[in-house]
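These numbers come from the heavy atoms of this one structure, side chains and all, not from hydrogens, waters or symmetry mates.
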Amino acid sequence: MTTLYFFASAAPPAFDAARVIRDAQERGFDVCLGLTPSAAEWLADDLAELATLTGHPVRTRYKRPGDPDAWPRADVIAFAPLTFNSLNAWAQGLTTSWAVGVVAEAFGKKIPMVAMPCVNAAFAAHPQVDRSVAVLRAMGIEVLYGDGGFVPNQPGQGRPGEYPWGLVLDAAERAAARSAP
């Protein structure tokens, strides 16, 4: 079974985590869910259910040195929704949260990764967004942003139900297949 690390930061599509996990499991993934601190706060009432659904603890922080890892090794990582803050931190190598630290290190471990930002048009206008997307793409990370991915909407006019989760899982399947022995 292919292990998918599914990471989410605090944007409204994160509330779809259970549905996305079930969809990924139907595709044959063993899913491990990791959240930024804000996403974990948003989903606090659902964490036990999400852990039961995946069969793994939901992770939000580093384990203590010497403690065994509670998750199997990742075959592929999908980070979605990826907020302005997490996108820019990752591209700049700033491990501001456990999830961003894992993906920053995963690059060096050559674990295939997929990312789909979720930023509104006001954030997207900031020049760092395009720079960060370009940096991640130059690292070989498939960033689903713009045509063929997430397209920003106006502030306050989000449509979280229209977040294209299928694109993320399709890209994760492709990435896992390319790296399979």
* Hey, does the side chain of S86 reach the backbone of T83 with a donor-acceptor pair shorter than 3.5 angstrom? -> no

* Asked: Is the W42 ring parallel, tilted or perpendicular to the F15 ring (thresholds 30°, 60°)?
  -> parallel

* Asked: What's the spacing between L136 CG and R131 CZ if we round to 0.5 Å?
  -> 13.5 Å

* Measuring from L144:CG to C118:SG, what's the distance to the nearest 0.5 Å? -> 12.5 Å

* So do D75 and F29 actually touch side chain to side chain, heavy atoms under 4.5 Å? -> no

* What are the two closest heavy atoms between L43 and A17, and how far apart are they? -> CD1-CB, 4.4 Å

* Just by distance, do the side chain of W71 and the backbone of P57 share a donor-acceptor pair under 3.5 Å? -> yes

* Asked: Is a side-chain donor-acceptor pair under 3.5 Å present for R22 with Q25?
  -> no

* Determine the interplanar angle of the F150 and Y145 rings, folded into 0 to 90°, and report it as parallel if under 30°, tilted if 30 to 60°, perpendicular if over 60°. => parallel

* Find out whether M139 and M113 are in side-chain contact, i.e. whether some heavy atom of one side chain is under 4.5 Å from a heavy atom of the other. => no

* **Side chain to side chain, V58 and L35, heavy atoms closer than 4.5 Å** => yes

* To do: State, to 0.1 Å, how close A175 and V114 come at their nearest heavy-atom pair, and which atoms those are.
  => CB-CG2, 4.3 Å

* Asked: Does a side-chain heavy-atom distance below 4.5 Å link L169 with R27?
  -> yes

* Pair E142 + R174, salt bridge at N-O below 4.0 Å -> yes

* Asked: Honestly curious: do I111 and Y62 fall in one hydrophobic cluster under the side-chain, below-4.5 Å linking rule?
  -> yes

* Asked: At their closest point, which heavy atom of A89 faces which heavy atom of T96, and how far apart are they?
  -> CB-OG1, 3.6 Å

* Asked: Hey, does the side chain of Q154 reach the backbone of A122 with a donor-acceptor pair shorter than 3.5 angstrom?
  -> no

* Asked: How many angstroms lie between atom CG of L82 and atom OG1 of T36, to the nearest 0.5 angstrom?
  -> 9.5 Å

* Distance (rounded to the nearest 0.5 Å) between L4 CG and I77 CD1 -> 9.0 Å

* **Minimum-distance pair of heavy atoms, taken over all atoms of A18 and L53** => O-CD2, 3.6 Å

* Asked: Is a donor on one side and an acceptor on the other found under 3.5 Å between the side chain of S179 and the backbone of A176?
  -> yes

* Backbone of V143 reached by a side-chain donor or acceptor of R137 within 3.5 Å -> yes

* Aromatic plane relationship, Y163 with W165 - under 30° parallel, 30 to 60° tilted, over 60° perpendicular -> perpendicular

* Before accepting this row, confirm whether a basic side-chain N of the pair R59/D69 lies closer than 4.0 Å to the acidic partner's carboxylate O. => yes

* Note, P117 side chain near P81 side chain (heavy atom, < 4.5 Å) -> no

* Structure fact -> Rounding to 0.5 Å, atoms CG (D30) and OG1 (T3) come to a distance of 4.5 Å

* Does L33 reach the side chain of H56, with side-chain heavy atoms less than 4.5 Å apart? -> no

* Evaluate the side-chain proximity of L87 to V133: yes if any heavy-atom separation is below 4.5 Å, no if none is. => yes

* Asked: Hey, is the main chain of F84 close enough, under 3.5 Å, to the side chain of N88 for a donor-acceptor pair?
  -> yes

* Check: F7 ring centroid to W90 ring centroid under 6.0 Å -> no

* With a 4.5 Å limit on heavy-atom distance, are the side chains of P155 and N120 in contact? -> yes

